[in-house]
Amino acid sequence: GVAFDYATLKAVTDTREETLLDALDGAVRQRFLVNEGDGFRFAHPLIRHQLYAETSSPRRQRYHKQIADSLEELFGHAIEEHIGEVAHHLMNSGPAADAEKVIDVCRLAGERAVDLYAWGEAARCFEAAVKAAERLPETSSAVYGRLHYKAGFSYYRDLDIGPAVSHYRQAIDHLRQTDDRHGQV
């Protein structure tokens, strides 16, 4: 992200604390980072973007998975408050992340985003859950139908009609294969 706190950074890295502090101090001296209380932020968004772009996709995916796992461990007692962060990293983990975990976490993050009227975020979470479900051959039509419906609803509320209609159509197709009359309606 643009900003991060030291405790979270320390939890998600496997770097010795002294080495991590030296790296952070060097980045502050070179004006790549700005120290703000217990945290840091990139001095300019392009610095973060460039560092991210220079990392290969497989390595980025591995980092995202490592961060998601560390955040789950760090915030296990209050994961609901941080479910969006965990979902973000799992969505960006690609095939490195367990598909069932992606479905569960993204569904929860999507529902939390709906509760907060964050429709775009909800749509991205439900769509990521659908894509993860595609990696599991045993996913039922009922599960696909519900996830597509939630993605469609979120896109609709976000006023993004094209993806909304597409997800609604797929929800209907999947739910027709089930006995879920309520869902079909």
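Not one N or O on the side chain of D5 forms a donor-acceptor pair closer than 3.5 Å with the backbone of L9. No donor-acceptor pair under 3.5 Å is formed between the side chain of D158 and the backbone N or O of D160. Proximity of a side-chain donor or acceptor of Q66 to a complementary backbone N or O of V12 within less than 3.5 Å is detected. A donor-acceptor contact shorter than 3.5 Å is absent between the side chain of S166 and the backbone of G162. Side chain of S140 to main chain of V143: a donor-acceptor pair is present (N/O by atom type, distance under 3.5 Å, no hydrogens or angles). A donor-acceptor pair under 3.5 Å is formed between the side chain of T139 and the backbone N or O of A133.
Heavy atoms from other residues, nucleotides or ligands lying under 6.0 Å from OH of Y52 number more than 12. More than 12 heavy atoms of other residues, nucleotides or ligands shown are found within 6.0 angstrom of CG on D115. By the neighbour-count criterion of 12 heavy atoms within 6.0 Å, atom OH of Y156 is sparsely surrounded, having that number or fewer from other residues, nucleotides or ligands.
Using a 4.0 Å cut-off between charged nitrogen and carboxylate oxygen, R169 and D173 do not count as a salt-bridge pair.
Taking the ring pair (Phe, Tyr, Trp, His ring centres under 6.0 Å) definition, one finds that H44 meets it with nothing, sequence neighbours left out. Not counting sequence neighbours, E73 has no partner by the salt bridge (Lys or Arg N to Asp or Glu O under 4.0 Å) test. Under the ring pair (Phe, Tyr, Trp, His ring centres under 6.0 Å) criterion, Y155 pairs with H167, sequence neighbours left out. Taking F32 as the reference, nothing meets the ring pair (Phe, Tyr, Trp, His ring centres under 6.0 Å) condition, with sequence neighbours excluded. For E72, the salt bridge (Lys or Arg N to Asp or Glu O under 4.0 Å) partners are K101, not counting sequence neighbours. Under the side chain to side chain donor-acceptor pair (under 3.5 Å) criterion, T13 pairs with no residue, sequence neighbours left out. Under the rule for a side chain to side chain donor-acceptor pair (under 3.5 Å), the partners of H89 that lie at least two apart in sequence or sit in another chain are H64.
Counting only residues at least two apart or on different chains, the ring-ring contact (aromatic ring centres under 6.0 Å, His included) pairs with a member in residues 126-145 are Y144-H174. The salt bridge (Lys or Arg N to Asp or Glu O under 4.0 Å) contacts involving residues 41-51 comprise E36-R41, where partners must be two or more places apart or lie in separate chains. Identified under the salt bridge (Lys or Arg N to Asp or Glu O under 4.0 Å) test for residues 88-99, with sequence neighbours left out: none. For residues 122-145, the set of pairs meeting the salt bridge (Lys or Arg N to Asp or Glu O under 4.0 Å) definition, not counting sequence neighbours, comprises E121-R124. Sorted by first then second residue, the salt bridge (Lys or Arg N to Asp or Glu O under 4.0 Å) pairs that include residues 12-26, not counting sequence neighbours, are K10-E17.
In terms of heavy atoms, L74 sits closest to H77 at O-CE1, 3.5 Å. When every heavy atom of I103 is checked against every heavy atom of L136, the shortest pair comes out as CD1-CD1, 3.7 Å. A pairwise comparison of heavy atoms in A128 and V102 identifies O-CG1, 4.1 Å as the closest pair. Between A122 and V114, the closest heavy-atom pair is CB-CG2, 3.7 Å.
One distance of note links OG of S141 with CD of Q170; it measures 12.0 Å at 0.5 Å rounding. Considering CG of L175 and OG1 of T178, their distance stands at 5.0 Å, rounded to 0.5 Å.
Side chains of S57 and R60: a donor on one and an acceptor on the other come within 3.5 Å.
With a 4.5 Å cut-off on side-chain heavy atoms, W119 and L159 do not count as touching.
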